[in-house]
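Worksheet for the structure shown next.
Since the model is a prediction, treat every value here as computed from it, not as a measurement.
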Amino acid sequence: MLTIHADSRGRALTVRGEWITAVGSLAELTAGEPRARVREWPGILTPGLLNLYGPELLDGTYHPDPREADALGTAPVTGDALAALPMDDARWGASARRGIQRLLAHGTVAVAGAPVRPAVITAVLRSGLGVVGRLGEPGGVPSLDPFAGPFPAEFAPDREPGSAARFAVFDVRDESELAERGAGTCVATVVAGRLVHRRR
């Protein structure tokens with residue numbers, strides 16, 4: 001399936017399978033591929049975010065099941081509260097899957113730092129979320145929103161023909177508004193050519 005993703009500024013990408021085949025304006029790309037499916041998104045098309053806290057958010061955090069909200073709340077669980085929970089591989093795997101969905105909902109397409117728990121590794125591999133190396137621990141308080149952390153938010157490399165189809169769209173006017181309002185403005189995230197998050 002050939003799909004063209006475009007933002008409010010008219011910037012667009014053509015996706016075939018797991019790869020980007022063209023980058024340009026919506027008018028240019030639809031003229032070149034008139035039969036392609038077109039998805040027009042509000043806001044700006046970006047390469048997607050890199051979250052520096054992969055192990056901290058997936059290996060060292062429990063993301064509660066909604067059915068546990070009465071007992072645990074809905075916020076990520078860490079520290080002493082996490083230490084008090086009876087955790088096994090199945091629970092870590094389910095937590096990682098929910099954590100990955102939360103990362104994707106914030107426009108994250110890759111994390112820095114590889115997980116070490118087997119169930120978490122499996123969840124990451126199946127999700128298509130990218131993993132990059134890092135030197136040491138970044139410090140600061142881990143957050144699902146890279147704009148909320150102590151460091152400038154990092155984006156994945158610019159998308160171009162031949163790049164992996166991995167990007168995110170944020171419902172803001174420009175990059176300055178994105179930095180001000182944060183990654184919660186994400187309306188769509190694509191990983192390996194698949195629409196893995198869409199804000200309803």
Side-chain angles (χ1 to χ4, degrees), residues 15 17-20 46-65 68 72 74-160 162-170 178-179 182-184 186 188-198:
V15 174
E18 298 185 12
W19 306 99
I20 292 171
T46 76
L49 291 164
L50 169 67
N51 193 301
L52 300 179
Y53 297 99
E56 291 80 7
L57 290 171
L58 297 176
D59 266 336
T61 299
Y62 180 68
H63 299 272
D65 187 299
E68 300 174 304
L72 299 177
T74 58
V77 178
T78 60
D80 292 342
L82 173 58
L85 293 178
M87 299 296 294
D88 57 20
D89 283 348
R91 202 172 189 188
W92 274 117
S95 169
R97 290 190 292 274
R98 292 188 292 270
I100 289 166
Q101 284 302 313
R102 291 176 173 180
L103 287 165
L104 295 171
H106 285 80
T108 293
V109 298
V111 294
V116 296
R117 298 184 190 277
V120 176
I121 293 171
T122 297
V124 170
L125 290 174
R126 289 178 175 173
S127 74
L129 189 70
V131 178
V132 300
R134 71 181 191 188
L135 297 175
E137 298 179 2
V141 179
S143 174
L144 293 165
D145 184 349
F147 292 98
F151 308 106
E154 293 189 31
F155 286 90
D158 287 339
R159 302 295 83 185
E160 57 187 24
S163 295
R166 182 179 288 155
F167 52 89
V169 187
F170 298 89
L178 174 56
C186 180
T189 305
V190 172
V191 170
R194 296 178 290 116
L195 183 62
V196 292
H197 166 73
R198 180 177 185 174

Heavy-atom check, side chain of Val169 versus side chain of Thr46, under 4.5 Å =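 Side-chain contact under 4.5 Å: no.
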
ask   = Arg97 versus Ser127: any side-chain heavy-atom pair under 4.5 Å?
value =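 Side-chain contact under 4.5 Å: no.
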
Do side-chain atoms of [X] reach the backbone of [Y] as a donor and acceptor pair under 3.5 angstrom?
X	Y	answer
His197	Ala168	no
Thr189	Ala105	no
Asp145	Gly182	no
Asp59	Arg117	yes
Arg91	Pro86	yes
Ser143	Gly149	no
Arg159	Gly48	no

task = Answer with yes or no whether the side chains of Arg98 and Tyr62 bring together a donor and an acceptor at under 3.5 Å.
result =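 Arg98 and Tyr62 do have a side-chain donor-acceptor pair below 3.5 Å.
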
query = Any salt bridge between Glu154 and Arg134, counting N to O under 4.0 Å?
reply =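 Between Arg134 and Glu154 there is no salt bridge, as every charged N stays at least 4.0 Å from the carboxylate O atoms.
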
Distance (rounded to the nearest 0.5 Å) between [X] [atom1] and [Y] [atom2]:
X	Y	atom1	atom2	value
Leu85	Asp80	CG	CG	11.0 Å
His106	Cys186	NE2	SG	8.5 Å
Thr108	Arg166	OG1	CZ	12.0 Å
His63	Leu144	NE2	CG	6.0 Å

inquiry  = If the condition is ring pair (Phe, Tyr, Trp, His ring centres under 6.0 Å), which residues does Phe167 pass it with, not counting sequence neighbours?
reply    =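 His5.
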
